[in-house]
There are 2 protein chains.
Amino acid sequence: MAVTIKEVAKAAGVAPSTVSRVIADHPRISPATKKKVKKAMKEMGYHPNANARNLANRSTQSLGVVMPSSADKALQNPFFPEVLRGISAVAHELDYSMLLCTGETDDEMLEAVKRMVYSNRTDGIILLYSQVNDPIMHFLLEQNFPFVIVGKPAERVDEITHVDNDNVRAGKEITHHLIELGHERIAFIGGSEDRIVTIDRMRGYELALEEAGLPYLEDYRIHTEFLKSGGRQAVHELFSLPKPPTGIVIADDLMSIGVVNMLEEFGKRVPEEVSIVSFNNVYLSEITRPPLTTVDIHIHGLGSQAAKCLIEKIKNKEEPAKRIIVPFDIKYRSSTKEIKTKQEG
Amino acid sequence: MAVTIKEVAKAAGVAPSTVSRVIADHPRISPATKKKVKKAMKEMGYHPNANARNLANRSTQSLGVVMPSSADKALQNPFFPEVLRGISAVAHELDYSMLLCTGETDDEMLEAVKRMVYSNRTDGIILLYSQVNDPIMHFLLEQNFPFVIVGKPAERVDEITHVDNDNVRAGKEITHHLIELGHERIAFIGGSEDRIVTIDRMRGYELALEEAGLPYLEDYRIHTEFLKSGGRQAVHELFSLPKPPTGIVIADDLMSIGVVNMLEEFGKRVPEEVSIVSFNNVYLSEITRPPLTTVDIHIHGLGSQAAKCLIEKIKNKEEPAKRIIVPFDIKYRSSTKEIKTKQEG
DNA sequence: TTATATCATGTATAGGCTTACATAATTTTT
DNA sequence: AAAAATTATGTAAGCCTATACATGATATAA
């Protein structure tokens, strides 16, 4: 059994409460006893017991982090380790620990979150995704439990603290880049339409087309989970169109890699024949072939800001809902190319 | 304040200890009172407080998971989300939660681990990496704190429970595959030589060469962190050799992608001019171009086995050290090609 | 110098749960 | 039918820390 506050107290010849106060750096402890107690703590190898402490404090000093359910392969997205790092950076600094929550199915996830909340294992929760009609979010809302979202809430946007990029603008700007290069037939490939991030990025894509006076074709929009075969089929159809696109806006770097692969299969080369842009700027996008022109969304920043907001909210339940927009910038690399021959008006 | 055991007891007309026993499903509680108490719990929305419980039990019901320090980009490896899923699967099942531990520097990591251990935040630790002379491992050993390694310990192999693939054999077999295809000039590219996984895979590579009577050249071995520029330089040198390799064994799928990219830059095509094999079989390796022939190490299994072992060890301190070898299999895809023209004797 | 404010520390309780031990009720044994 | 064993539940003492309140010692004010 580890050494307790009592034993330290006895050794230092003071009361347990005094030791506790020394730990908390209470101002009304004389320098002399402070020193004496600290010495005893060192000598005896004392370390406070987090459980006891948290019980007394009615807190846990830990942040729950909820990943999307891992039904799909999306979880292998390097986005996640990177946000985790961001969260970890400030959590560590402010002396919080991170409780991770994954699960195979949505039900399993919800159950896991409920357990975390009910059993008081965490002081607050970060949702690493945002989707339409999310039961977990509803639960948290209903319980009035502190949480923040990385991404934009599907509803009650003004009541829920969230950390996001301006994905609409990012979508618009990156699409605009393609337009500037002379592209007029631009497709959009994104994941599930339930994910807010997909919706926003697509919205930006639409706006850019509109602004440029380019037609907006239903056939140019693909939503797929990208589990290989499904995605292949979709891309195949896209390029079987009478007027196939010359540029594609893809909602995620990881998908881009799959798309490049499929295009190659169909004999289309990137960027010579098709230009591609995407989002996230994971490390991968730099080392893949071709290196991707992509929106750097500052994943690490998303994570660290989310952690910061959540901790503020935990410390002060009255903290108003906030919206933090992490700026993005575009990394211009080699997956796009100017288009010379204007494709008929 | 949440409802406590006492309140439930009062409502059900029993003693708090009875309620506690109902929760623990104690056999000596009559079905009648069990039912009565459960009803009260439901009605009042009672949920046990994890902190109080853990304090009384001197346990935490949580597993600490230590990722490598994120100094390098290696953390963006999809390997990690995938092991986490594996760990999570059994942790969840056995009602443990996962405490994540990352850090920028090695010192920060060590400090974080010390805090976890000293403050009793976790019952045991899973190390997601293994390297030579790891201060964290030494600390854990010295404290006699339950931990398991995903990978092979650098020392005291028989005293430390670990879950690993037979990386030497995997290295040998995958290299052998290249040899079977007629390759005789085979290089090896791996990450840091401090990582045991690199060492083992390279050892397998060497064994395969030896067995086939192929020469083993110093110049054919590259170790790099693969932070782009460094890797590029190395690959450049490799292919400036008088006799450049026709096949490469690469220690990790993620690196493979970088290598393919660089080769392309140097005008070498995969697999037409250079064959490539690697390890891990992350989702990416399937969708990249070309799809990689790679060793499927069953990442999920590594994680789940590790969690299982750790929990066993937590429950029984006397549990002997174990070594679990998760089987691997090779996914044959399109990054290798038979070599026709025997390159001079 | 005495009353009062300030400071340094101690006492005791709370936080929510588990569990060894005690006790009352029931069943089994002889 | 009394003694013994078993069963069902209660009592109370932890687990370790934080903190409101109490107390004694100094310093300040009147």
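Computed from a predicted model, the values in this text were never measured in an experiment. Here is the naming used below: chain letters follow the sequence lines, and residue numbers restart at 1 for every chain. Just the heavy atoms: all of them, side chains too, but no hydrogens, waters or symmetry mates, feed the values below.
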Please tell me which of the listed nucleotides, [options], lies nearest to the side chain of [X]?
X	options	value
B/S30	D/dT9, C/dA8, C/dT18	D/dT9
B/A56	C/dT18, D/dT11, D/dC21	C/dT18
B/T4	D/dG10, D/dT7, C/dC17	C/dC17

[X] [atom1] to [N] [atom2]: how many Å, rounded?
X	N	atom1	atom2	value
B/K6	D/dA12	NZ	P	13 Å
B/H26	C/dC21	NE2	C1'	13 Å
B/R28	C/dA22	CZ	P	15 Å
B/N49	C/dA14	CG	C1'	13 Å
B/I5	C/dG15	CD1	P	15 Å
B/Q61	C/dG16	CD	P	20 Å
A/I29	D/dT19	CD1	C1'	12 Å
B/K34	D/dA8	NZ	P	10 Å

> Quick one: which of B/K315, B/K322, B/K317 gives a salt bridge (charged side-chain N to carboxylate O under 4.0 Å, His left out) with B/E319?
Replying inline: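 Considering B/K315, B/K322, B/K317, a salt bridge (charged side-chain N to carboxylate O under 4.0 Å, His left out) with B/E319 is found only for B/K322.
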
Is [X] touching bases, backbone alone, or none of the nucleic acid, heavy atoms closer than 4.0 Å?
X	answer
B/S17	base
A/L55	base
B/V14	sugar-phosphate
A/P16	nothing

[X] bridged to [Y] by N-O distance under 4.0 Å:
X	Y	answer
B/K308	B/E312	no
B/D158	B/R323	no
A/R85	A/E82	yes

>> Go nucleotide by nucleotide along DNA chain D from the 5' end; which of A/A24 and B/A15 gets its closest nucleotide reached first?
In response: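 It is B/A15, whose closest nucleotide lies nearer the 5' terminus.
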
Under 4.0 Å between a side-chain N/O of [X] and OP1 or OP2 of [N], yes or no?
X	N	result
B/S20	C/dT18	yes
B/N57	C/dT19	yes
B/T33	D/dT9	yes
A/R53	D/dA18	yes

> Between the side-chain atoms of A/R58 and the base atoms of C/dG16, is any donor-acceptor pair under 3.5 Å?
Replying inline: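 Between C/dG16 and A/R58, which were checked side chain against base, a qualifying N/O pair under 3.5 Å is absent.
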
>> Quick check for you: to the nearest 0.5 Å, what is the distance between A/S88 atom OG and A/Y96 atom OH?
In response: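 The OH atom of A/Y96 is 15.0 Å from OG of A/S88, to the nearest 0.5 Å.
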
>> Before you tell me yes or no, could you show the steps for A/S17 and A/S20 under side chain to side chain donor-acceptor pair (under 3.5 Å), namely the whole-Å CA-CA distance, both residues' side-chain angles and the distance that decides it to 0.1 Å?
In response: CA-CA 5 Å; A/S17 57; A/S20 174; over 6 Å; no

